[in-house]
Amino acid sequence: MKPIILSLSIWILIGLLGCNSKPGHQSVKVPQKSATETLLTMDCLHCHSISDRLVGPPYLDISRRYHSEYGIKPKLMTKIKEGGGGLWYGGVMSRHPLIKDKELSLLVDWILSLEDRRDTFWDRYAQSTSMHQLAEVDSTILSWQSLHEGRPIQTGSAHSIHLLGSESFPSHDRKTTIQFTGQLPIPKTGKYFIRLIKTGKGQIKIGDKILLPLDPKNREAVIDLQKGSQPIAVTHQLTGKNDTLSLSWLPPGADFYELIQW
């Protein structure tokens, strides 16, 4: 009888192992959130932005001030977690005791990297596009016109909005307005940071929503977008020949801004 008992034991053991090896019982790895995804789940954007000054300093300024300071990371992690008196403008930062240490570490690393990421952005997009070059672009989804005192004087198409300095605006003055209109191609559903780097007044409208008003201080906003396309209109009132107008976004999961391409 003993051999029979042993055989039964072996089959029971094999059966148990087989149950544990089913796919339904395997542990599922949850992908780690990117720093920007973590940021969007918190209340940080009530007081901070990436580029614009709100209640607290923009993250780019924080990076510029601290990115080369030895031993700053644990201090910033503690500050975010415990809150307290502001180090910049005298405000009080709220506590974030529930944030996981891994996510907090990733977030602080990202904040400290922004100074270098900004430099990389400008290195990558150092080449500007002039209005003369735009007049030669063939595009059916982004068009533009310049108006002098409300009268159209020039029209064309574009693949991006990236106009920097005197070579971009050689024949325009303070009475000139430039308007870009078209369909914004949205690769995936999610929250997008939209940034309009501008000299003077510039406005963005996506769908029926004015995302950024004609306020020189407002350059950045966050919007929920569905995959597909949305009507977009960008209006810029020139201040002179050395103006800057550059439209970029930070898509879901990305780490920094990139030019919007049509």
Side-chain angles (χ1 to χ4, degrees), residues 49-54 58 118 121-122 124-187 192-251 257-262:
S49 186
I50 297 177
S51 301
D52 289 352
R53 173 176 170 175
L54 301 178
R118 185 202 61 174
F121 174 91
W122 288 113
R124 180 180 179 185
Y125 301 116
Q127 185 64 42
S128 175
T129 304
S130 71
M131 299 304 293
H132 289 315
Q133 288 172 315
L134 287 184
E136 300 172 358
V137 170
D138 181 19
S139 174
T140 59
I141 56 176
L142 182 66
S143 59
W144 62 269
Q145 64 173 341
S146 58
L147 304 96
H148 189 265
E149 296 184 322
R151 298 189 305 272
I153 57 174
Q154 199 175 8
T155 61
S157 302
H159 293 309
S160 64
I161 302 175
H162 191 55
L163 303 163
L164 312 174
S166 59
E167 293 184 2
S168 296
F169 304 99
S171 59
H172 299 81
D173 57 27
R174 292 175 180 270
K175 296 180 181 180
T176 301
T177 300
I178 299 175
Q179 297 176 340
F180 290 84
T181 56
Q183 292 291 319
L184 177 66
I186 306 161
Y192 287 72
F193 289 84
I194 307 289
R195 181 176 66 168
L196 187 65
I197 302 173
K198 58 192 177 180
T199 305
K201 296 180 178 180
Q203 174 181 288
I204 300 177
K205 185 177 181 180
I206 297 179
D208 58 358
K209 179 180 180 180
I210 295 178
L211 186 63
L212 290 175
L214 280 171
D215 184 337
K217 296 180 180 179
N218 289 339
R219 298 170 295 173
E220 194 172 47
V222 178
I223 184 173
D224 285 295
L225 294 174
Q226 299 292 319
K227 182 179 180 179
S229 64
Q230 283 267 16
I232 184 171
V234 177
T235 303
H236 178 57
Q237 295 179 358
L238 268 68
T239 62
K241 293 183 179 180
N242 291 316
D243 271 17
T244 292
L245 184 67
S246 179
L247 180 63
S248 56
W249 65 6
L250 197 162
Y257 283 99
E258 55 194 49
L259 282 188
I260 301 176
Q261 303 284 350
W262 275 267

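Residue numbers start at 1 and run along the sequence shown.
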Would you say the side chain of Gln179 lies within less than 4.5 Å of the side chain of Leu147, judging by non-hydrogen atoms? yes

Whether Tyr125 and His162 hold their rings parallel, tilted or perpendicular, with breakpoints at 30° and 60°: perpendicular

Min side-chain heavy-atom separation Thr177-Thr235 under 4.5 Å: yes

If we only count heavy atoms from C-beta on, is the Trp144 to Gln154 side-chain gap below 4.5 Å? yes

Given side-chain contact (heavy atoms from CB on, under 4.5 Å), test Leu245 with Thr199 step by step and report yes or no. CA-CA 7 Å; Leu245 184 67; Thr199 305; over 6 Å; no

Using the side-chain hydrogen bond (donor to acceptor under 3.5 Å, both in side chains) criterion, which residues pair with Gln183? Sequence neighbours excluded. Ser229

Enter the distance from Gln261:CD to Leu142:CG here, rounded to the nearest 0.5 Å. 10.5 Å

pair Trp262-Ser157: side-chain heavy atoms closer than 4.5 Å: no

Check whether any side-chain N or O of Arg195 sits under 3.5 Å from a backbone N or O of Trp249 as a donor-acceptor pair, and report yes or no. no

Looking at CD1 of Ile204 and CG of Leu211, how far apart are the two atoms once the value is rounded to the nearest 0.5 Å? 5.5 Å

Would you call Leu163 and Thr244 a side-chain contact if the rule is heavy atoms closer than 4.5 Å? no

Under 4.5 Å between any side-chain heavy atoms of Pro251 and Glu258, yes or no? yes

Smallest separation among heavy atoms of Asp243 and His236, with atom names: OD2-NE2, 3.0 Å

Looking at Leu164 and Ala126, what are the two nearest heavy atoms and their distance? CD1-O, 4.3 Å

With the side chain counted from C-beta on, respond yes when Glu220 and Ser51 share a heavy-atom pair under 4.5 Å apart, and no when they do not. yes

Does a side-chain heavy-atom distance below 4.5 Å link Gln145 with Thr155? yes

Separation between CD1 (Ile153) and OG (Ser146), nearest 0.5 Å, reads 4.0 Å

Using side-chain hydrogen bond (donor to acceptor under 3.5 Å, both in side chains) as the criterion, list what pairs up with Thr181, not counting sequence neighbours. Ser143

Passing option when Leu247 is tested against Leu259, Ile232, Ile197 for side-chain contact (heavy atoms from CB on, under 4.5 Å): Ile232

Can you name the side chain to side chain contact (heavy atoms under 4.5 Å, CB included) partners of Arg53, sequence neighbours left out? Pro58, Tyr89

Tell me, yes or no, whether the heavy-atom count around Asp208 atom CG, taken from other residues, nucleotides or ligands under 6.0 Å, exceeds 12. no

Taking it one step at a time, do Val234 and Gln203 satisfy side-chain contact (heavy atoms from CB on, under 4.5 Å)? CA-CA 6 Å; Val234 177; Gln203 174 181 288; over 6 Å; no

Of all heavy-atom pairs linking Pro216 and Lys198, the shortest is O-CE, 3.8 Å

Taking all atoms of both residues into account, what is the closest heavy-atom pair of Leu212 and Ala221, and its distance? CD2-CB, 3.9 Å

Could you list the residues that satisfy salt bridge (charged side-chain N to carboxylate O under 4.0 Å, His left out) with Lys201, not counting sequence neighbours? none

Heavy-atom nearest pair, Pro187 first then Pro185, reads CD-O, 3.6 Å

Identified side-chain contact (heavy atoms from CB on, under 4.5 Å) counterpart of Arg219 within the set Leu196, Ile194, Asp52, Ile50: Asp52

Mind running side-chain contact (heavy atoms from CB on, under 4.5 Å) on Tyr192 and Leu250 for me, showing each step along the way? CA-CA 6 Å; Tyr192 287 72; Leu250 197 162; over 6 Å; no

Residue list, side chain to side chain contact (heavy atoms under 4.5 Å, CB included) with Arg151, at least two apart or on another chain: His148, Glu149

Would you please name every residue forming a salt bridge (charged side-chain N to carboxylate O under 4.0 Å, His left out) with Asp224, sequence neighbours left out? Lys191

For the student: nearest non-hydrogen atoms of Leu238 and Ile178, plus distance: CD1-CD1, 3.6 Å

Worked verdict on Gln230 versus Ile186 for side-chain contact (heavy atoms from CB on, under 4.5 Å): CA-CA 8 Å; Gln230 283 267 16; Ile186 306 161; 3.7 Å; yes

For Phe193 and Tyr257, take the angle between the two ring planes, folded into 0 to 90°, and tell me which bin it lands in: parallel under 30, tilted 30 to 60, perpendicular over 60. perpendicular

